[in-house]
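Values below: all heavy atoms of this structure, side chains included; hydrogens, waters and symmetry mates excluded.
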Amino acid sequence: MGEPFDISYVFEYLIKLLPTLRITLLIVASSILLGIVVGFLVALPRLYRIPVLQRFSQVYISFFRGTPVLIQLFLFYYGLPEILKLIDLDVSRVPVLYFVILTYSLHGGAYMAEAIRGAVTAVDRGQVEAAYSVGMTGYQAFSRIMLPQALAISVPVFANLVIATLKDTSLAFTLGIMEMTGKAQTLGALSQHFIETYISLAIIYFIISFILEKMFNKLESRLLRHENQAVEKTRRRKGINMVFRQVTGAIGIGRGESRL
């Protein structure tokens, strides 16, 4: 059952868990960066409808989105070395951390590919055609017209992916990685204060997720600042027109009454 609850352990474990935050953030940052590259490469065949590669991309996305990340960790850590042995490639001495980062990168890449594809297809095709009509090249149309809008559209999805990856790193301890959850398990087993340990762990995850959410909200607002300004101008113009109609209507009524 464990020891009686003691609030002092919550603050003590907060300090003890912070050093392992570095490992957790390393896994998240590495996985997201590699996941962006993988997602971009996987999204291209579907955007340009390349026959064979498009089918491969669909299978890849379906597998990584349709299976639990814990199962993927086990498959890559235990199964990949056995497959590579068939071609006389021994990876048994490769650190576990590399297998964890590889798994999360491929897992995140599947979601990133869908985010990239959805963001690019959401941009109005007429804007690209207008860019071509004024003499822009394909690269200029993509970098100046499509990319800024696609980035703004994909920010919420990207933010959810980063936060989800942060929380999913809690499964890395199943392979022996001493990140925050693994350290929390050790502290709880040694002191038998499991509730205090998990409260401390939850606080750290919540704070990091809250900071990331605020950062991405500011990034999204910055990317959409021109669109927001245009919407605000339109809203003001509509408000002025409405006031003008009300005033002119009131004047008309006043004149009609004066004639009576």
Donor-acceptor pairs under 3.5 Å, side chain of residues 158-175 to any protein atom, not counting sequence neighbours: which ones?
{"residue": "Asn160", "atom": "ND2", "partner": "Pro156", "partner atom": "O", "Å": "3.3"}
{"residue": "Thr165", "atom": "OG1", "partner": "Leu161", "partner atom": "O", "Å": "2.8"}
{"residue": "Thr169", "atom": "OG1", "partner": "Leu166", "partner atom": "O", "Å": "2.4"}
{"residue": "Ser170", "atom": "OG", "partner": "Lys167", "partner atom": "O", "Å": "2.7"}
{"residue": "Thr174", "atom": "OG1", "partner": "Leu171", "partner atom": "O", "Å": "2.6"}

Expected list for residues 17-30: side-chain donor-acceptor pairs under 3.5 angstrom, two or more places apart:
{"residue": "Thr20", "atom": "OG1", "partner": "Leu17", "partner atom": "O", "Å": "2.6"}
{"residue": "Ser30", "atom": "OG", "partner": "Leu26", "partner atom": "O", "Å": "2.9"}

Check the hydrophobic clustering (I, L, V, M, F, W, Y; side-chain heavy atoms under 4.5 Å; chains of links allowed) and say if Phe64 and Leu33 are grouped together.
no
Are Leu41 and Val120 connected in the hydrophobic side-chain network, where two residues link if heavy atoms are under 4.5 Å apart? no
Review point. Take atom OH in Tyr98; do more than 12 heavy atoms of anything else shown fall under 6.0 Å from it?
Key: no
Any donor and acceptor pair, going by atom type alone, linking the side chain of Glu179 with main-chain N or O of Gly182 inside 3.5 Å?
yes
So CD of Glu82 and OG of Ser92: to nearest 0.5 Å the spacing works out to 9.5 Å
Value for CD1 (Ile71) from OG1 (Thr103), rounded to nearest 0.5 Å, stands at 12.0 Å
query: Would you find a donor on one side and an acceptor on the other, under 3.5 Å apart, between the side chain of Ser133 and the backbone of Ala130?
result: yes
Heavy atoms of Ser154 and Ala119 approach each other most closely as CB-CB, 3.9 Å
task: Could you label the plane-to-plane angle of the Tyr198 and Phe194 rings as parallel, tilted or perpendicular, counting under 30° as parallel and over 60° as perpendicular?
output: parallel
Rounding to 0.5 Å, atoms CG (Leu80) and OH (Tyr77) come to a distance of 12.0 Å
Separation between CZ (Phe5) and CD1 (Ile195), nearest 0.5 Å, reads 8.0 Å
Exercise answer: donor-acceptor pairs, residues 200-212 side-chain atoms, under 3.5 Å, sequence neighbours excluded:
{"residue": "Ser200", "atom": "OG", "partner": "Val10", "partner atom": "O", "Å": "2.7"}
{"residue": "Ser200", "atom": "OG", "partner": "Glu196", "partner atom": "O", "Å": "3.0"}
{"residue": "Tyr205", "atom": "OH", "partner": "Thr181", "partner atom": "OG1", "Å": "3.2"}
{"residue": "Ser209", "atom": "OG", "partner": "Tyr205", "partner atom": "O", "Å": "2.8"}

Rounding to 0.5 Å, atoms CD (Gln192) and OG1 (Thr197) come to a distance of 9.5 Å
In short, Arg46 meets Ser57 closest at the heavy-atom pair CG-CB, 3.8 Å
Besides Val157, the hydrophobic cluster formed by Ile, Leu, Val, Met, Phe, Trp and Tyr side chains linked at under 4.5 Å, directly or via other members, contains none
Is it true that, when you exclude Phe40 itself, more than 12 heavy atoms of the residues, nucleotides or ligands shown sit nearer than 6.0 Å to its CZ? no
Nearest heavy-atom contact between Phe76 and Pro81 is O-CD, 3.5 Å
Taken to the nearest 0.5 Å, the spacing of Ile101 CD1 from Ile32 CD1 works out to 12.0 Å
*Decide whether Leu86 and Leu89 are clustered together by the hydrophobic rule: side chain heavy atoms of Ile, Leu, Val, Met, Phe, Trp, Tyr closer than 4.5 Å, transitively.*
no
Worksheet item: Just by distance, do the side chain of Tyr104 and the backbone of Val69 share a donor-acceptor pair under 3.5 Å?
Response: no
| Does Val52 reach the side chain of Phe56, with side-chain heavy atoms less than 4.5 Å apart? | no
Should the ring pair Tyr111 and His107 be called parallel, tilted or perpendicular, given that the plane angle runs from 0 to 90° and is split at 30 and 60?
tilted
Sorted by chain and residue number, the salt bridge (Lys or Arg N to Asp or Glu O under 4.0 Å) partners of Lys16 (sequence neighbours excluded) come out as Glu12
For Arg65, the salt bridge (Lys or Arg N to Asp or Glu O under 4.0 Å) test, sequence neighbours excluded, returns Glu114
| query | Is there a chain of hydrophobic side chains (I, L, V, M, F, W, Y, each step under 4.5 Å between heavy atoms) that links Leu102 to Val37? | reply | no
- Tyr9/Ile199 under side-chain contact (heavy atoms from CB on, under 4.5 Å): CA gap, chis, key distance, verdict: CA-CA 10 Å; Tyr9 279 94; Ile199 290 176; over 6 Å; no
- Do Phe74 and Leu106 sit in the same hydrophobic cluster, where Ile, Leu, Val, Met, Phe, Trp and Tyr count as joined when their side-chain heavy atoms come under 4.5 Å apart? yes
